[in-house]
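Everything on this sheet refers to the single structure shown next.
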Number of protein chains: 2
Amino acid sequence: MLNGRTPSVKDVAAAAGVSLGTVSNVMNRPEVVSARTRERVERAMSELGFVRNESARQLRAGTSRTLAYVMLDGTNPFFHDVAQGIELAAEDADLSLFICNSNSRSAREAVHLDRLLQQRVQGILITPVDPAAPHLDELIRRGVPMVIVDRIGNADSCCSVAVDDVLGGRIAVEHLAEQGHTRVAFIGGPESLGQVHERLVGAREMWASLGNDPEDLIYLPTETLSVSEGRSAGERLAGLAARRRPTAAFCANDLLALGLLQQSIGAGLRVPDDLAIVGFDDIEFAAAAAVPLTSVRQPRQELGRAAAQLVLDEATNPDHRHQQLQFTPELVARASTVSRNRTM
Amino acid sequence: MLNGRTPSVKDVAAAAGVSLGTVSNVMNRPEVVSARTRERVERAMSELGFVRNESARQLRAGTSRTLAYVMLDGTNPFFHDVAQGIELAAEDADLSLFICNSNSRSAREAVHLDRLLQQRVQGILITPVDPAAPHLDELIRRGVPMVIVDRIGNADSCCSVAVDDVLGGRIAVEHLAEQGHTRVAFIGGPESLGQVHERLVGAREMWASLGNDPEDLIYLPTETLSVSEGRSAGERLAGLAARRRPTAAFCANDLLALGLLQQSIGAGLRVPDDLAIVGFDDIEFAAAAAVPLTSVRQPRQELGRAAAQLVLDEATNPDHRHQQLQFTPELVARASTVSRNRTM
DNA sequence: TACATTCACTGAAACATTTCAACTTTACCG
DNA sequence: CGGTAAAGTTGAAATGTTTCAGTGAATGTA
């Protein structure tokens, strides 16, 4: 009767001597079926090794049991931490999480979104390459619940969750100024990335409001936010004339900061005495560096968790209102800016 | 006619004035439909904004378009690199990749596998908590294509892809011996993890075959393979009596090595002069450390790619034979074992 | 002209579930 | 004991595709 096929509800029904509908009820509304038959059905299921076919379920019920996250850069642990937060929220809601990686390429992102659309996922969380890309508008037009992560989107088209990047830039520079630095580098890029732009804006704001010469906040642009770009920024820094050379660097993320740290130490500089370094994100590896890295912490898991809750609200609550959640970043001071001699 | 619903093939067929079957052919066998109607159908599709419903496709066609990878530890970048390799292979085969994380917990792993079964994924790649767990046998019994990654499974029940961990242990210790070390620590755990066990076995083999006293290869067990365990191993190391204290440490993975490196430098040791360190895996952050880490490289992406190819073969090739693919690890010597003074 | 072959398209069945109105059975009440 | 309500179960329809046997039309062949 089963010749090889994996068993279906029909087989279970036959084995338990009940109708299809009853088997379905056992799975979906166990409270409406009597204890005796429920037990009988459950035994039949486990004897046959029945596994519910999710495609059929989804087709008929019209609703999928998965969320998706399209991350920006799989080589940056920051995004995996965000994903972990989403995963936890998804787990609570008994949903699966589909993780995709656009690798900063808009075309890849579009391909992933198309697939997710075909999948009819319940909601999409995304850290977009470009929040103004047309394929994002299309999601909205289609009514797919979506929330933008790590970037504040334009107010009323969708929800978003992010940290206040301008403030992040401010507190990083404030900290360096407090440590007595009067010439500071900002390292990061491309500036088209909103995160980078806003951190730079915050840095400049604070620098000016402390009464410093704008010329003394030196912007060293990079191609990407990677360790190797951090290293090469270090070389450029070393190449500056001594009286122009900054005594501290604020990097737009921790990967850059780690690269810069490595290059500096390799070149014989003492960190923080010759060069102080502040990163951004506060990934695990920042704290684990040989000279533990001062960094502007984002609540990474919390970001993900909050985003998942918003997308779920949009998916299930008929009078959902879009909102822009903004978390407050926090400076975590470590040895890369605070000299041991000075503190002790 | 469409009132709100997302359009189906039926709507497209009506709009283009053809039958359902023709629309399906346009999507699946475009060569059998005439250029003129194909064009008409395609126009109708884009005008209506048609997106194929994957559940329905999968239900009818009986075959899904996704692979899944269940990774062991989401905090270790090594596994993300493996996942990236799988993703590339999946992309080539036009499949999606579902990534799950068991977080080293068998129960979580079982939950994920159950969901994947319901999803009827085409194949499962997994780095298992315990390769002998019953839920893995069940996959095999059900005939789901599966390959074990980063661990050699028992010969003929399924495919597996891994690096020769025993050899990895040997070359690490050989390298340290060559650098003149006569007392070496092996740091790692739990020993129940096959990878750890075999690396230790290799280390001991090589140590003995070089004619050293087994007593001088000191095993410092850890609870997990994490940065913080690396730090605490460093403290234990520092606590040893000076004449017992090793001058070099071989860590079972790079996270441990990074933790050890940090702790050692913080305690004022010079690396490699006071303590040489070798890691395992060669993740990006190993090369990016302040003192770049010598490490036993695994071909991370290649591991994933090969595993994906095996699972696809099992899924599509009727006379597939299980095989155990074994890659050769390679020592990458960097500053954490090779003193600058010595090389120059 | 009759016949065979190829080409383009059609229509209905099938996939495995959920849902829901209708039906039976049981329990309760006066 | 008759009537009603509640509880439990059934059967068929519906979901959006793919597949495949079949229908016509057009083309080529004798």
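In what follows, chains carry the letters A, B, and so on, assigned in the order in which the sequence lines appear, proteins first and then strands, with residues in each chain numbered from 1.
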Verify, without hydrogens or angle tests, whether [X] (side chain) and [Y] (backbone) share a donor-acceptor contact under 3.5 angstrom.
| X | Y | result |
| --- | --- | --- |
| N28(B) | S24(B) | yes |
| R38(B) | V26(B) | no |
| N53(B) | A56(B) | yes |

Check the distance between [N]'s [atom2] and [X]'s [atom1] and give it to me in whole angstrom.
| X | N | atom1 | atom2 | result |
| --- | --- | --- | --- | --- |
| K10(B) | dA13(C) | NZ | P | 14 Å |
| M27(A) | dT18(C) | CE | C1' | 9 Å |
| R60(B) | dA12(C) | CZ | P | 16 Å |
| L20(A) | dC15(C) | CG | C1' | 13 Å |

Does [N] have OP1 or OP2 sitting under 4.0 Å from an N or O in the side chain of [X]?
| X | N | value |
| --- | --- | --- |
| T37(B) | dA8(C) | no |
| T22(B) | dC9(C) | no |
| S24(A) | dT19(C) | no |
| R52(A) | dT18(C) | yes |

**Candidates dC15(C), dC9(C), dT19(C) - which lies nearest the side chain of R29(A)** =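 The answer is dT19(C), which lies nearest to the side chain.
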**Message:** By nearest atom, which of the nucleotides dA16(C), dT18(C), dT10(C) is closest to the N53(A) side chain?
**Reply:** dA16(C)
**Complete:** Whichever of G21(B) and L59(B) has the more 5' nearest nucleotide on DNA chain D, that residue is L59(B)
**Message:** Of all nucleotides in DNA chain D that come within under 4.0 Å of a heavy atom of chain B, which is furthest toward the 5' end and which toward the 3' end?
**Reply:** dG16(D) to dT19(D)
**Asked** Do V311(A) and I124(A) come within less than 4.5 Å of each other through their side chains, counting heavy atoms only?
**Response** no
**Earlier contact from the 5' end, DNA chain C, for A61(B) and N25(B)** = N25(B)
**Passing candidate, side chain to side chain donor-acceptor pair (under 3.5 Å) with S55(B), options R120(A), Q119(A), Q58(A), R60(A)** =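 Filter result, single survivor: Q58(A).
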**Message:** So that I know where these two stand, are F98(B) and F98(A) an aromatic pair - ring centroids less than 6.0 Å apart?
**Reply:** yes
**Request:** Take E109(A) and R105(A) through the salt bridge (charged side-chain N to carboxylate O under 4.0 Å, His left out) test and state the conclusion after the steps.
**Result:** CA-CA 6 Å; E109(A) 184 176 282; R105(A) 289 178 34 224; over 6 Å; no
